[in-house]
**Student:** 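Here you go, one structure.
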Protein chains: 2
Amino acid sequence: MDVLWCRGRLVVVRLVIAECSVDYAGRLSAHLPLAKRLLMVKNDGSLLVHSDGGSYKPLNWMSPPCVLTTVEPDETQAAAGITELWKVTHKKTGDALIVSIHEVHHDSAHELGVDPGLQKDGVEAHLQKLLAEQIELLGDGYRLIRREYMTAIGPVDILATDATGASVAVELKRRGDIDGVEQLTRYLELMNRDPLLAPVQGVFAAQEIKPQARTLAQDRGIRCVVLDYDAMRGLDDSDSRLF
Amino acid sequence: MDVLWCRGRLVVVRLVIAECSVDYAGRLSAHLPLAKRLLMVKNDGSLLVHSDGGSYKPLNWMSPPCVLTTVEPDETQAAAGITELWKVTHKKTGDALIVSIHEVHHDSAHELGVDPGLQKDGVEAHLQKLLAEQIELLGDGYRLIRREYMTAIGPVDILATDATGASVAVELKRRGDIDGVEQLTRYLELMNRDPLLAPVQGVFAAQEIKPQARTLAQDRGIRCVVLDYDAMRGLDDSDSRLF
DNA sequence: ATCTTAATTTCGGCA
DNA sequence: TGCCGAAGTTAAGAT
């Protein structure tokens, strides 16, 4: 059991339920008082300390690359009831996580194998692809120049032209927040200094636009467009999808 | 076992190692192909799907408040090898996570009890306290007016005066990003409209300042200051700390 | 309850 | 590899 989970090509996760306290010293200092928790040791040596509640984030953890070593408790620690001492050290930053175990209630190791990984669909990239294909949603006569139009301070999501041939910079978000308006504002400021592009109009397009973002955008002469993702996906021909 | 983990006042976590595929339909669509994984059902009904690798983030999950129901596989599903079907639905958004279980390798429930929670130290609040105490780090003659100086759009981290008595607004970050510069810019814009404060100088202080943020700050006449957290902590008299 | 901001963010893409 | 921006961000604090 001692080193089973880190040897050879086995892909093993170890689950320990234990009464323990945890100390972290790294980018911050943190302490978990003595309580019964779940310790999850992954194959790469990383450690997760979970309680029963909260959401997916552990109470404390150490990310890979890191090494777990078990230290013999000294007399003082043993007298304090510590039976096992785990020290997890980050290989690069030197961050340390120390688990002081008082009692182990459960300990098991399970081989999992390599995970094939998550397949995602429906994020901003897809929204951008759809809007690029359906650029006329912004208005009659709109034409796509290109996606990811590069500027000195980063890529503009979509560059298009309106019916009059004037440039239009589109910033796309799933949720239209104030940050997105700021981002688009920076792009517009820069692009409008370019005599080949100016004048450039701004369009802030999102599935949902927060009132504050809308107010700020309108204040800066940026047009807001709310996108109907489902409708756009329905128009797309590659709409074969799960469920 | 069936409902043990959600009854009464027990605080229980259930651990299942199973060959399964997972589908998520909510803010995005996602699919996990058939593989052996760890399913962690927390007391609040939330579910975490972990593989052996990655960092603390599960491959897929459902956050509380949510409910887990077990559905009987229909004939087609049973023929495909599905023995159990878990459906986790978010109570508010309706997001759904479906776990199709083919084979259970391990199944155990563990009572944990209520967790006392994490004690943190060393985050931005501490940095702010330290800089307020050591405001002269910004320059000779600097004096603290107050921390969390309230404005109409939120609190400025630190308000100070320089050697000439002019107002200085300080925005503090652990990592100085472009967002922080934008934030400070908004504060400065507002404060400089106040005749009692104007003119207000801006200082962007962080443990680390990203090149783009520095460029933007300088372009807007904001001074950048890199803080040495360890040195500042060393000067602090309340430096009794674990380890 | 809603909104704002930080985070030991993590994660992916592209230069 | 490092930087930059998105994320089912999540989570904590303030209004």
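Note that the structure is a prediction, hence the values are computed from the model and not measured. Basis for what follows: all heavy atoms, side chains included, without hydrogens, waters or symmetry-related copies. So you know, we letter chains A, B, ... as the sequences are listed, proteins then strands, and number each from 1.
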**Student:** Atom CD of B:Glu182 and atom P of C:dA6: how far apart are they, to the nearest Å?
**Tutor:** 14 Å
**Student:** Could you tell me whether a side-chain N or O of B:Asp23 sits under 3.5 Å from a main-chain N or O of B:Ile98, the two making a donor and an acceptor?
**Tutor:**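 It does not hold such a pair.
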**Student:** May I ask you to decide if B:Ala18's main-chain N or O and B:Arg37's side chain share a donor-acceptor pair within less than 3.5 Å?
**Tutor:** no
**Student:** Among the candidates C:dT10, D:dA6, C:dA6, find the nucleotide nearest to the side-chain atoms of A:Glu171.
**Tutor:**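 For A:Glu171, the side-chain atoms sit closest to D:dA6.
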**Student:** Need one value for A:Thr93: base, sugar-phosphate or nothing, where a base atom within 4.0 Å counts as base even if backbone is also close, heavy atoms only.
**Tutor:**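 Nothing, no heavy atom under 4.0 Å.
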**Student:** Between P on C:dC11 and CG on B:Leu28, what's the gap in Å once rounded to a whole number?
**Tutor:**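 Interatomic distance, CG of B:Leu28 to P of C:dC11: 15 Å.
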**Student:** Under 4.0 Å between a side-chain N/O of B:Lys57 and OP1 or OP2 of D:dT10, yes or no?
**Tutor:** no
**Student:** Can you work out whether A:Trp61 or A:Met150 has the more 5'-proximal nearest nucleotide on DNA chain C?
**Tutor:**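 By nearest-heavy-atom nucleotide position, the 5'-most residue is A:Trp61.
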**Student:** Would you mind reading off the distance between A:Arg147 atom CZ and C:dC14 atom P, rounded to a whole angstrom?
**Tutor:**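 Rounding to the nearest Å, CZ of A:Arg147 and P of C:dC14 are 10 Å apart.
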**Student:** Starting from P on D:dT10, measure out to CG on B:Leu48 and report it in whole angstrom.
**Tutor:** 12 Å
**Student:** So A:Tyr56 and B:Tyr56, would you call those rings parallel, tilted or perpendicular, with 30° and 60° as cut-offs?
**Tutor:**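 Correct class here is tilted.
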**Student:** Which listed nucleotide (C:dT5, D:dA6, D:dT10) is nearest to the side chain of A:Lys173?
**Tutor:** D:dA6
**Student:** Does OP1 or OP2 of D:dA6 have a side-chain N or O of A:Gln183 closer than 4.0 Å?
**Tutor:**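 Looking at the OP1 and OP2 atoms of D:dA6, one of them is under 4.0 Å from a side-chain N or O of A:Gln183.
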**Student:** Within this structure, what is the CD-to-C1' distance between B:Gln119 and D:dA12, rounded to whole angstrom?
**Tutor:** 16 Å
**Student:** Nearest to the side chain of A:Tyr56, which nucleotide is it out of D:dT10, D:dA6, C:dA6?
**Tutor:** D:dT10
**Student:** Tell me which of B:Ile178 and B:His90 sits closer to the 5' end of DNA chain D, going by the nucleotide each one is nearest to.
**Tutor:** B:Ile178
**Student:** Rounded to whole Å, please give me the gap between CG in B:Leu118 and P in D:dG13.
**Tutor:** 11 Å
**Student:** Donor-acceptor pair, distance only, cut-off 3.5 Å: does the side chain of B:Tyr187 make one with the backbone of B:Glu182?
**Tutor:** no
**Student:** In whole angstroms, how far is the P atom of C:dT5 from the NZ atom of B:Lys120?
**Tutor:**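 My rounded result for the distance is 18 Å.
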**Student:** For a quick check of understanding: with a heavy-atom distance under 4.0 Å over all strands, which category does B:Met62 fall into, base, sugar-phosphate or nothing?
**Tutor:** base
**Student:** Using whole Å, report how far NE2 of A:His50 lies from P of D:dT10.
**Tutor:**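 Distance check: A:His50 NE2 to D:dT10 P gives 14 Å.
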**Student:** Could you verify whether a donor N or O on one side chain and an acceptor N or O on the other, from A:Lys120 and B:His31, lie under 3.5 Å apart?
**Tutor:** no
**Student:** Return the 5'-most residue of the pair A:Tyr187, A:Lys92 with respect to DNA chain D, ranking by each residue's nearest nucleotide.
**Tutor:** A:Lys92
